[in-house]
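Structure, as structure tokens:
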2 protein chains.
Amino acid sequence: MGDRPATAARARPGPAILELVCCAVVDGRLAVLTERGRTARGGTLPWSPLDPAGPLDASAARWVRGLLGRAPGWMTQLGAFSTGGRHPSGAVLTVVYVAVVPSDTEPPAGFAWSPAFEPPPLPPRRQWVLDAAVAGLRDRMDLAPIAFRMLPATFTLSELQRIYELLLGRRLHKASFRRALQAAFLVEPTDAWRSEGRGRPAQLYRYAPRKRRGVRRPVRFELLA
Amino acid sequence: MGDRPATAARARPGPAILELVCCAVVDGRLAVLTERGRTARGGTLPWSPLDPAGPLDASAARWVRGLLGRAPGWMTQLGAFSTGGRHPSGAVLTVVYVAVVPSDTEPPAGFAWSPAFEPPPLPPRRQWVLDAAVAGLRDRMDLAPIAFRMLPATFTLSELQRIYELLLGRRLHKASFRRALQAAFLVEPTDAWRSEGRGRPAQLYRYAPRKRRGVRRPVRFELLA
DNA sequence: GATAATTAGTAGCGGGCGGACACTAAGTCA
DNA sequence: TGACTTAGTGTCCGCCCGCTACTAATTATC
């Protein structure tokens, strides 16, 4: 297995595609963009043939921007996976990207928001990719402004906290959440307030991160295995 | 192994390859496995044509095991990148894997350990991949037993701490490091001691993680951007 | 209107963790 | 024998994080 063929053409794989897990919070639940009624075995995720010219991230960004009609709030590559030869496109290799968009993003024609935690029946490989994508969001949300990009330009701190709770899958304590947020210099208050249903109106904030260079985490051993 | 015509690459994605960033601690420095004298523009990383059958992780694991003569201590996929059409194989897509092996691993014929932080001249894309790989190790070493798998079966706690310091790029405090390690139930002492040069002999430990279910991290906002 | 209910936001307490210093232990080297 | 080097531990202290309890401001209900 360590040998190389005389010509690269021998092991030439079939075409590769891009696949997108696009997440948003819709109706208070985490939702993912799916193409409906695509195959008998279940829905598909948005996909596109891969443009091999230029950086992959740039190609993916262009495609997603065209698909959604707007640039995603945040996007990253999840990884490459073999399709097992079962993807409708005939591709054997798929590079999966994960994106988040604000709640008010309209799904493109032919697509719909599906609940990420009770999605419509998906083929096992795509279900696995979806789970991995949500886990990837959860793992990175303390290093990248993922939650902030799932919100409009101004938002209440309760809305922000709800996004964190949805992605983390557990309740958070209000006071602790706000204290940590304040210490991180990530948001600044606006002079606007919003009254939503019952209860006291909430102040609106905007995402305005300050410098904060060189925050060194303590070493932690959190491996469970 | 000449370049593939640009038209063929544009018509459909050309072949893809696997590329490996294999790290170890050699002579007290972080080292990466490189193939020497491969091209005039600089060294290359180990690579192989991609086997499109079966899961990518399994294909990569088989290849790396054959290359090194032993299974890597730990391995994960870093991501997929376009080569810019400049890889000697003619591939336009490369899937990069990162692996770590213990210090006593002999480089295969034609390969050598190069210092990861002052590597031989590498083409810019490969240099970028190498940097991203080291950063990936640093980011994941508190969630995966990366440091432990760069050591032999038994090791001293000072050796373990030195691996953390190399990957994190900063000194750690001995007492704090051991306290956190103890609290995580990751190692157990053996009854062997090792005297290395001057100073008091150090007790040898082995990696023996215990259960530790459900350690919930506090929410932290560490995004700098 | 008065009162309850609901949501927003803050104050303060207490435990635990992590960084620092200081110390002991046990070997090598002159 | 004493200086030096490395291993390993005890302890203090400040800060972070979770919790409880409180105030503030609006809507719903009678």
Side-chain angles (χ1 to χ4, degrees), chain A residues 25 28 141-142 147 151-152 154-166 168-206 212 214-223, chain B residues 25 28 141-142 147 151-152 154-166 168-206 212 214-223:
Chain A
V25 171
M141 70 186 308
D142 56 345
L151 291 168
T154 65
F155 49 86
T156 72
L157 297 190
S158 294
E159 290 173 331
L160 180 65
Q161 180 175 341
R162 248 170 244 132
I163 306 249
Y164 271 85
E165 292 177 337
L166 276 176
L168 294 175
R170 62 186 172 102
R171 303 296 305 270
L172 300 176
H173 291 271
K174 187 170 50 169
S176 302
F177 181 81
R178 288 165 187 239
R179 205 173 8 188
L181 195 59
Q182 188 113 17
F185 296 99
L186 289 178
V187 296
E188 68 181 20
T190 70
D191 52 359
W193 296 68
R194 176 194 297 161
S195 182
E196 194 129 24
R198 288 183 280 280
R200 169 176 170 176
Q203 190 166 16
L204 293 179
Y205 287 76
R206 85 166 52 87
R212 293 236 318 146
V215 259
R216 50 177 47 176
R217 288 186 302 172
V219 178
R220 295 200 172 177
F221 303 97
E222 286 167 8
L223 35 163
Chain B
V25 171
M141 69 185 308
D142 55 344
L151 291 167
T154 66
F155 49 86
T156 72
L157 297 190
S158 293
E159 289 173 332
L160 181 66
Q161 181 175 342
R162 247 170 245 132
I163 306 251
Y164 271 85
E165 291 177 339
L166 275 176
L168 294 175
R170 61 185 172 104
R171 302 296 305 271
L172 300 176
H173 291 271
K174 186 170 50 170
S176 303
F177 181 80
R178 289 166 187 236
R179 207 173 8 190
L181 195 58
Q182 188 111 19
F185 296 100
L186 290 177
V187 296
E188 67 181 19
T190 71
D191 52 358
W193 295 68
R194 176 194 297 161
S195 182
E196 195 130 22
R198 288 183 280 280
R200 168 176 170 177
Q203 189 166 16
L204 292 178
Y205 287 76
R206 85 165 52 86
R212 293 233 315 145
V215 261
R216 49 177 49 176
R217 286 185 303 172
V219 178
R220 295 200 174 179
F221 303 96
E222 287 167 9
L223 35 163

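The chains referred to below are lettered A, B, ... by the order of the sequence lines, with proteins before strands, and numbering in each begins at 1.
Rounded to whole Å, atom C1' of C/dC17 lies 16 Å from atom CZ of B/R217. Distance, A/L168 CG to D/dG18 C1': 16 Å, rounded to whole Å. In this structure, the CZ atom of A/R194 is 15 Å from the P atom of D/dT27, given to the nearest Å. In this structure, A/F177 places its CZ atom 12 Å from P of C/dA8, rounding to the nearest Å. Atom-to-atom, CG of A/L160 to P of C/dA8 comes out at 13 Å; the value is rounded to the nearest Å. Atoms CZ (B/R216) and P (C/dG16) sit 17 Å apart, rounded to a whole Å. Between A/R170 atom CZ and D/dC17 atom P there is a gap of 12 Å when expressed in whole angstrom units.
In terms of heavy-atom proximity, A/R170 sits nearest to B/V219 at NH2-CG2, 4.4 Å.
Residues A/G197 and A/A180 both approach DNA chain D. Their nearest nucleotides, taken by heavy-atom distance, put A/A180 toward the 5′ side.
A search for ring-ring contact (aromatic ring centres under 6.0 Å, His included) contacts involving B/F177 returns A/F221, B/Y164, not counting sequence neighbours. Not a single side chain to side chain donor-acceptor pair (under 3.5 Å) links A/R220 to another residue, sequence neighbours left out. B/S158 is linked by a side chain to side chain donor-acceptor pair (under 3.5 Å) to nothing, counting only residues two or more places apart in sequence or in another chain. For the salt bridge (charged side-chain N to carboxylate O under 4.0 Å, His left out) test, residues two or more places apart in sequence or in another chain that qualify with B/R171 are B/E165.
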Scan nucleotides 1-12 of chain D nucleotide by nucleotide, 5' to 3', and note B when protein non-hydrogen atoms come under 4.0 Å of the base, S if they reach only the sugar-phosphate, - if neither. ----BBBB-BB-
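In the interface, the side chain of A/S176 is paired with the base of D/dG18 through a donor and an acceptor atom under 3.5 Å apart.
Using a 4.0 Å heavy-atom distance criterion, A/R220 is classed as a sugar-phosphate-only contact.
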For residues 185-199 of chain A, tabulate all N or O donor-acceptor pairs below 3.5 Å that involve a side-chain atom, not counting sequence neighbours.
unit_1	atom_1	unit_2	atom_2	d
A/E188	OE1	A/R210	NH2	3.3
A/E188	OE2	A/R206	NH1	3.0
A/T190	OG1	A/A192	N	3.2
A/T190	OG1	A/L204	O	2.9
A/R194	NH1	A/E159	OE1	3.4
A/R194	NH1	A/E159	OE2	2.6

